[in-house]
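Residue numbers begin at 1 in each chain, while the letters A, B, ... track the order of the sequences.
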There are 2 protein chains.
Amino acid sequence: MPAPNASQRRRERKIAYDAFMATCPSRQLLDTITDKWVCLVLNALSRGSMRHGELARIIAGVSQKMLTQTLRALERDGLLTRVVTPTVPLRVDYALTPLGMDLERQMSHLKQWAEMNMDAILAARRRHARTQ
Amino acid sequence: MPAPNASQRRRERKIAYDAFMATCPSRQLLDTITDKWVCLVLNALSRGSMRHGELARIIAGVSQKMLTQTLRALERDGLLTRVVTPTVPLRVDYALTPLGMDLERQMSHLKQWAEMNMDAILAARRRHARTQ
DNA sequence: CTGTATCCCCAGAGATACTG
DNA sequence: CAGTATCTCTGGGGATACAG
């Protein structure tokens, strides 16, 4: 029996998970990754490795709790690595894994889209408010 | 003075909005669109116009409240149209606008990514649980 | 069929204080 | 600097009932 090729494996994986199903693991994963903090953290780290403080500064308005929580979840899912340098004071660096970079590529389009189409959305809202 | 070309306008828009800023409208928009229901609704409608009941059936587990709420928000932002046919019983069709189709193209990558990389994520979680 | 209107509840998010 | 631990509290989201 020949080994399945890439296209066959891709098709199988497509069948394996379906986010339209409520109980599918991919539904839960979709819920996790569709999050503004995830989007912004990944995007910030796409520039390269960063420390906790740097991330907090770049991602304005994120609380320490949410930042840590987001970083922990992304680490758990293998999307980023957490490297501790036991100096005094402590130094912790976060960096995307290849899997994280892959997701970041998709997510960055979302952030860009929001920034690029903001005017169109605001116009639509004004139109809607007038018709309403 | 010559009219700005497409590339210049694109650059200006990029400067105009920045989701890293807490108070930027695009931050709020990013928060709105990074949502699993938005992702699933857009993806379902990419197949073509659909009725409320069809959407509810395809998107398993969505409550009526969340579905309506999501549809209203997307309509408000000009991402889909809501067409009422005043028959008895009532018939309501939802369809993506060009702007909605554009966003859907980005979002569909996210759903696909979750389904395609579910195995890798699950493996990472097992690895993390063991190391933990 | 396609919704609104209500009630209710708890997870999630901020704020604050403390530690290695 | 980089967190953890707690507390509080709001508002997101489910369930239910009713209406055009």
Worksheet item: For DNA chain C, which residues in residues 59-90 of chain B have a heavy atom at a distance below 4.0 Å?
Response: B/Gln64, B/Thr68, B/Arg72, B/Arg82, B/Pro89, B/Leu90

Item to complete: Kindly indicate whether the side chain of A/Leu71, heavy atoms from C-beta on, has any atom under 4.5 Å from the side chain of A/Trp37.
Response: no

Worksheet, complete the sentence: Value for OG (B/Ser108) from CG (B/Leu42), rounded to nearest 0.5 Å, stands at 9.5 Å

Worksheet item: Just one of B/Leu40, B/Val62, B/Val41 clears the side chain to side chain contact (heavy atoms under 4.5 Å, CB included) bar with B/Thr70, so which one?
Response: B/Val41

Worksheet item: Going by heavy atoms in the side chains, are A/Leu30 and A/Tyr17 under 4.5 Å from each other?
Response: no

Discussion item. Strictly below 4.0 Å, N to O, side chains only: are A/Asp31 and B/Lys36 in salt-bridge contact?
Written reply: yes

Fill in: Contact list for DNA chain C against residues 32-50 of chain B - heavy-atom distance below 4.0 Å
none

Discussion item. If the cut-off is 4.0 Å, is A/Arg51 near the phosphate of D/dA2, judged by side-chain N/O to OP1 or OP2?
Written reply: yes

Practice prompt. Mark yes or no for whether A/Thr87, through its side chain, and A/Pro89, through its backbone, hold a donor-acceptor pair below 3.5 Å.
Written response: yes

Worksheet item: Can a side chain N or O of A/His52 be found less than 4.0 Å away from OP1 or OP2 on D/dC1?
Response: no

Practice prompt. Answer yes if the side chains of B/Thr68 and B/Gln64 hold a donor-acceptor pair under 3.5 Å, and no otherwise.
Written response: no

Discussion item. Can you measure A/Asp31 atom CG to C/dA11 atom P for me and round it to whole angstrom units?
Written reply: 15 Å

Fill in: Closest non-hydrogen atom pair between A/Lys111 and A/Cys39, with its separation
CB-SG, 4.0 Å

